Amino acid sequence: MDGIVAADLMALQERWTGTLLEPWLTQLPSQLAQGFSSARYGDIPRWHEALLSLPKICADTVNLCNDRVGCTGSITEGERTQLTTALQGLHPWRKGPFQLFDLHLDTEWRSDWKWHRLEGALHDLSQRRVLDVGCGSGYHSWRMLGAGAKEVIGIDPSPLFNLQFRAIQHYLRQPNINVLPITLEQLPSKLRAFDTVFSMGVLYHRRSPLDHLIELRDALRSDGQLILETLVVEGGPNTVFIPPNRYARMGNVWCLPSAVTLRGWLEKVGFKNAQIVDVSTTSTQEQRTTPWMTFHSLEQFLDSENATLTAEGHAAPIRAILTAAAP
Ligand SMILES: C[S@@+](CC[C@H](N)C(=O)[O-])C[C@H]1O[C@@H](n2cnc3c(N)ncnc32)[C@H](O)[C@@H]1O
């Protein structure tokens, strides 16, 4: 992993020196070393091998605006087999879909559906520096770059998702996008450097949701736009559901507010013009088992007799998207 870390450091040093992100450069070397430490994550050497075994093929065109982010170009049968084996070495692929040459990487999630729900609410991303908190494999980060952002930084503590991003980048070769193995809490405090910050699918994993909103606020420049997406429940102001145990088989779900409660929380920590842009029930067409994610998925996380309930008997997953402006 030393080569990957060194390449990231060199690129970001060049790009961030003299910008508002320069203070981050001091902590970045130890954050990258920690995030990719095989002492902490025993599977890293195996995933790294998979990444190194990707065939070297030149793409003819790169598609960042298609629902299947990826590239076109011709490949031989042998290269296709090698590509499939290498990418299967990075299983499970949760966020996508991607298309590499003639290979459709059909991920667990149709993440393009979420993108379409939010894209109409985005301030024009051209010339914006964007942070994608909890970016997973970087699917939405690619869409942000495709929408014109001048720079996209995705952060996600999962080393597997970081390496999945690098597998796609191996073919797309875009200079102004990086995915780094860190959490939002590890960002230098009060950076106020980003024009747009996305936090999608992260808030319900945080034990302290208001602290998460404050950290998002402090990553944004004044008037910068926040796009917040999370699991919610039906209800009015001050409705919050705290699952006593698991929720839809997930063990790390802390807090599900109603969309209106969430809007109130945004206002409470100082955001302006908080708006609910979308509320949608997650369907088993949007999140499902595929050849690229062969484990159980939403269908098995719901009550087999009543799809409006989770397996534990709680209301089935609903997700809301909100936008707000930083103070
Ligand atoms: C449900 S996924 C959402 C992925 C993507 N943003 C989306 O909306 O499809 C949540 C991601 O957040 C990451 N995550 C969890 N806690 C985080 C934190 N404190 N800071 C940054 N990312 C975090 C997880 O590793 C996971 O990949």
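Ligands are counted one by one from 1 in listed order, and the atoms in each one are counted from 1 as well. All figures in this text were calculated on a predicted structure; none of them were measured in a lab. When reading the values below, keep in mind they use all heavy atoms of this one structure, side chains included, and skip hydrogens, waters and symmetry mates. When a residue number appears, it is its place in the shown sequence, counting from 1.
No N or O atom of Ile182 sits closer than 3.5 Å to an N or O atom of ligand 1.
Contact annotation for Lys114 and ligand 1: only side-chain heavy atoms (C-beta onward) come within less than 4.0 Å of the ligand. Counting heavy atoms under 4.0 Å from ligand 1, residue His140 touches it through the side chain alone. Looking at Tyr204 against ligand 1, only its side chain comes within 4.0 Å, counting heavy atoms. The proximity of Lys95 to ligand 1, defined as any non-hydrogen pair under 4.0 Å, is limited to the side chain. With a 4.0 Å cut-off on non-hydrogen atoms, Thr183 touches ligand 1 through its backbone as well as its side chain. When heavy-atom distances to ligand 1 are checked against a 4.0 Å cut-off, Tyr139 has no atom that comes that close, whether in backbone or side chain.
The single protein non-hydrogen atom nearest to atom 23 (C) of ligand 1 is Pro157 CD, 3.5 Å, given as residue, atom name and distance. What sits closest to atom 16 (N) of ligand 1 on the protein, heavy atoms only, is Val202 CG1, 4.1 Å.
Just one residue in the list Arg221, Gln225, Arg128 forms a side-chain hydrogen bond (donor to acceptor under 3.5 Å, both in side chains) with Thr196, and that residue is Arg128.
Under a 3.5 Å cut-off, the side chain of Tyr139 and the backbone N or O of Trp109 do not form any donor-acceptor pair.
For an aromatic pair to be called close, the ring centres must be under 6.0 Å apart, and Phe198 with His140 fails this.
Residue pairs meeting the side-chain hydrogen bond (donor to acceptor under 3.5 Å, both in side chains) criterion with at least one member in residues 147-156, sequence neighbours excluded, are Arg15-Glu151, Trp16-Glu151, Arg129-Glu151.
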